[in-house]
Amino acid sequence: MKRVSFSTREEVEEAVAKKDGNNNNNNKNKKSVKIQEVPTITVPTLRANDVINIKMVWDAKDIPNTGFQPEFTHQIFEDEEIKGYDNLKIDLLYDVSSMLSFLSVEQSGGSSSALKRVKRNCTNIQQCFATFFPQPPLDTFDFFKGQLNEKVTPPVIKTENFIEGYKNGDIEFEVHKIQLGQGNQKIEDYHHRASSIAIFYIETAQFIETDDPNWTVYYLYEKRATERGAQYGLAGFCTLYSFYHHPSSTRQRISQFIIFPPYQKKGHGASLLNIIYNDLKKINLFDMTVEDPSPDFQKLRDRVDMQNILKGDFFKDVSSLKDTSKYAEIRLKLFLFKDQIRRCHEIYELMLLKNKKDTPNYEAEYKEYRLKVKRRLLKKYMDTLNSVAVETLNENEEGEGDEENEEAAAKPAEVDPELRKKQLQELFEELENEYLAVISKL
């Protein structure tokens, strides 16, 4: 390459101008190229809960046309969304006896030319189920149908596992119990299949370690008479974990409690819980707790516990639970732990107050009750109430000056008493409504 030197600034500017002129002439001789814009394609998104139907199947000749929709799908589909389909129908069929499942996916729009170009954004539905389930659903209907025709008896159904039976109307139900971790692979596989339904109805449900002998499972079955003998269909189950309690007893903790949708609101939850209570009387049990109870289960538990307390007259002539012997008596007979006993006593007191609503002393007694419950709530939720109050104050003070905010952040946070009082009242009203809902069912 020839090296060119310039002695003056004018020579440099002249050379640059000449080069620009040559470039413009060259560009005029070139053909213009038109760039075609790629249209933006919007990937359709469906809410997974709306397109999934879960069906419990008793017979291959009688597959239900309609099922029940899940409440939660976030553990299978991110943000509970399915992408890439204009129309979609997902049926998840369960054989009520073996709990084997079959996944049926009917779609339209998934093969359109537009969607092919964004195939990488489409949800792989079968893979999502297969990845999450310990035993993925079957993808061959003929095999699933063959299992239905065999009418397999659940491996749990054995004389030694039977706990109690009852009738709900004209329909028979039985409760059977098994202890996991005994090396029975058929039972462990069965429980994995059965517990997959819980994922759709318990927000924090997880598959348990079926090789751990501390797990006990109570299964609720509907029993039907058929030409080939009795057929058992799973209607719900409850898992409990056993902990050692010094010196020689155990503490049981309910982990999952579910009644399948076709059997809900028919009294089966209360029946199963009471059967579990009665069965636990056979062992040296200290008490029974619940792991992170859902609002629905807390209502069920409150109602069952209150019915048992009223039946035994445990709160008769008891104005206060300061006498610790009352806690011990109820714990020994009903296996309730201290917080639940206190909660039930508050429900009991409110029930008595409502019966005095037209008496002269009602307002004074209700105020005393309200203040007592608030004191307990304040003690229990002090840190939470303080943090919420401080956070609310900080939000209200945003934008009032950076220097002032920096100075305030360096000082200990002060809680507005009026704000905390308001939040405590809201907390009390929410709890009172829960109590009144229980009282209305007693």
Side-chain angles (χ1 to χ4, degrees), residues 161-166 175-180 213-220 237-257 267-294 297-352 369 372-373 375-377 379-380 431 434-435 438-439 441-442:
N161 296 333
F162 175 78
I163 300 299
E164 191 175 329
Y166 67 91
V175 175
H176 293 250
K177 179 182 75 172
I178 56 99
Q179 181 183 4
L180 295 175
N214 289 309
W215 284 111
T216 299
V217 188
Y218 289 85
Y219 296 99
L220 173 64
F237 65 86
C238 174
T239 59
L240 292 91
Y241 197 84
S242 178
F243 295 89
Y244 167 74
H245 188 274
H246 183 78
S248 58
S249 60
T250 63
R251 168 173 278 168
Q252 296 285 335
R253 183 180 68 190
I254 291 179
S255 176
Q256 296 176 352
F257 188 103
H268 294 294
S271 296
L272 178 58
L273 189 55
N274 273 317
I275 289 173
I276 293 171
Y277 278 148
N278 291 332
D279 186 58
L280 291 176
K281 292 177 181 178
K282 302 172 186 176
I283 65 174
N284 188 12
L285 180 67
F286 182 79
D287 65 11
M288 185 170 72
T289 61
V290 182
E291 178 186 358
D292 192 21
S294 67
F297 182 77
Q298 186 63 57
K299 292 176 186 177
L300 169 65
R301 184 188 186 197
D302 288 342
R303 178 162 55 88
V304 170
D305 290 346
M306 279 301 300
Q307 288 171 340
N308 291 332
I309 286 172
L310 293 174
K311 184 178 179 180
D313 282 335
F314 290 103
F315 288 153
K316 188 176 182 180
D317 301 326
V318 177
S319 58
S320 172
L321 284 178
K322 292 181 180 179
D323 181 6
T324 56
S325 63
K326 182 55 65 174
Y327 281 110
E329 180 188 1
I330 296 175
R331 181 186 60 77
L332 284 170
K333 294 184 178 180
L334 301 181
F335 310 121
L336 307 185
F337 73 112
K338 190 174 182 179
D339 288 350
Q340 181 65 8
I341 295 173
R342 185 188 295 114
R343 181 181 174 94
C344 287
H345 190 257
E346 288 178 355
I347 296 174
Y348 179 75
E349 288 183 300
L350 184 61
M351 182 180 69
L352 296 182
Y369 169 81
K372 183 180 72 172
V373 174
R375 283 193 291 271
R376 180 182 68 79
L377 293 174
K379 183 178 179 181
K380 182 177 181 180
L431 187 65
E434 292 177 12
Y435 288 176
V438 174
I439 293 170
K441 300 291 185 179
L442 296 177

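The structure displayed is predicted, hence computed values, not measured ones.
- L273 CG to L220 CG: the interatomic distance, rounded to the nearest 0.5 Å, is 12.0 Å.
- In terms of modelled atom types and a separation under 3.5 Å, the side chain of T239 and the main chain of Q256 share a donor-acceptor contact.
- For the side-chain contact (heavy atoms from CB on, under 4.5 Å) with L240, the lone residue among V217, N214, I254 that qualifies is I254.
- With hydrogens and angles left out, the side-chain atoms of Y435 and E346 include a donor and acceptor closer than 3.5 Å.
- Taking 4.5 Å as the limit, some side-chain heavy atom of R303 sits within range of a side-chain heavy atom of L300.
- Taking every heavy atom of both residues into account, M288 and R301 meet most closely at O-NH2, 3.8 Å.
- In this structure R331 satisfies the side chain to side chain donor-acceptor pair (under 3.5 Å) test with no other residue, sequence neighbours excluded.
- Here the shortest heavy-atom pairing between V175 and I275 reads CG2-CD1, 3.6 Å.
- The shortest side-chain heavy-atom distance between L336 and Y327 does not fall under the 4.5 Å cut-off.
- To the nearest 0.5 angstrom, T289 atom OG1 is 8.5 Å from E291 atom CD.
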Run D339 and R342 through salt bridge (charged side-chain N to carboxylate O under 4.0 Å, His left out) and show every step you take. CA-CA 5 Å; D339 288 350; R342 185 188 295 114; 3.1 Å; yes
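- Q298 and P293 get closest at one heavy-atom pair: OE1-CG, 3.6 Å.
- Put simply, the side chain of L285 reaches to within 4.5 Å of the side chain of Q252, judged on heavy atoms.
- Counting heavy atoms from C-beta on, the side chains of N284 and T250 never come closer than 4.5 Å.
- E329 CD to I341 CD1: the interatomic distance, rounded to the nearest 0.5 Å, is 10.0 Å.
- Considering all non-hydrogen atoms of both residues, S249 and F286 come closest at OG-CB, 3.5 Å.
- Shortest non-hydrogen contact noted between L280 and Y218 is CD2-OH, 3.9 Å.
- Environment of NZ in K372: crowded, with over 12 heavy atoms of neighbouring residues, nucleotides or ligands closer than 6.0 Å.
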Going by atom type alone, with no hydrogens or angles, which donor-acceptor pairs under 3.5 Å involve a side-chain atom of residues 304-315 and a protein atom two or more places apart or on another chain?
{"unit_1": "D305", "atom_1": "OD1", "unit_2": "Y277", "atom_2": "OH", "d": "2.8"}
{"unit_1": "D305", "atom_1": "OD2", "unit_2": "Q340", "atom_2": "NE2", "d": "3.0"}
{"unit_1": "N308", "atom_1": "ND2", "unit_2": "N274", "atom_2": "OD1", "d": "3.2"}
{"unit_1": "N308", "atom_1": "ND2", "unit_2": "V304", "atom_2": "O", "d": "3.3"}

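- The shortest side-chain heavy-atom distance between D287 and R251 falls under the 4.5 Å cut-off.
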Yes or no on side chain to side chain contact (heavy atoms under 4.5 Å, CB included) for R376 and R343, after CA distance, side-chain angles and deciding distance? CA-CA 11 Å; R376 180 182 68 79; R343 181 181 174 94; 5.9 Å; no
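- The neighbour count for K282 NZ, taken as heavy atoms of other residues, nucleotides or ligands under 6.0 Å away, is above 12.
- Residues Y219 and H176 keep their aromatic ring centres 6.0 Å or farther apart.
- Remark: side-chain polar atoms of Q179 are paired, donor with acceptor, to backbone N or O of P213 under 3.5 angstrom.
- With respect to the salt-bridge test (charged N to carboxylate O, under 4.0 angstrom), the residues K177 and E164 do not qualify.
- At least one side-chain heavy atom of C238 sits less than 4.5 Å from a side-chain heavy atom of I276.
- Y166 and H268 form a side-chain donor-acceptor contact under 3.5 Å, judged by distance and modelled atom types alone.
- With sequence neighbours excluded, the residues that form a side-chain contact (heavy atoms from CB on, under 4.5 Å) with Y244 are H246.
- Between M351 and L442, the closest heavy-atom pair is SD-CD1, 4.0 Å.
- For the pair T216/I178, no side-chain contact is recorded, criterion being any heavy-atom separation below 4.5 Å from C-beta on.
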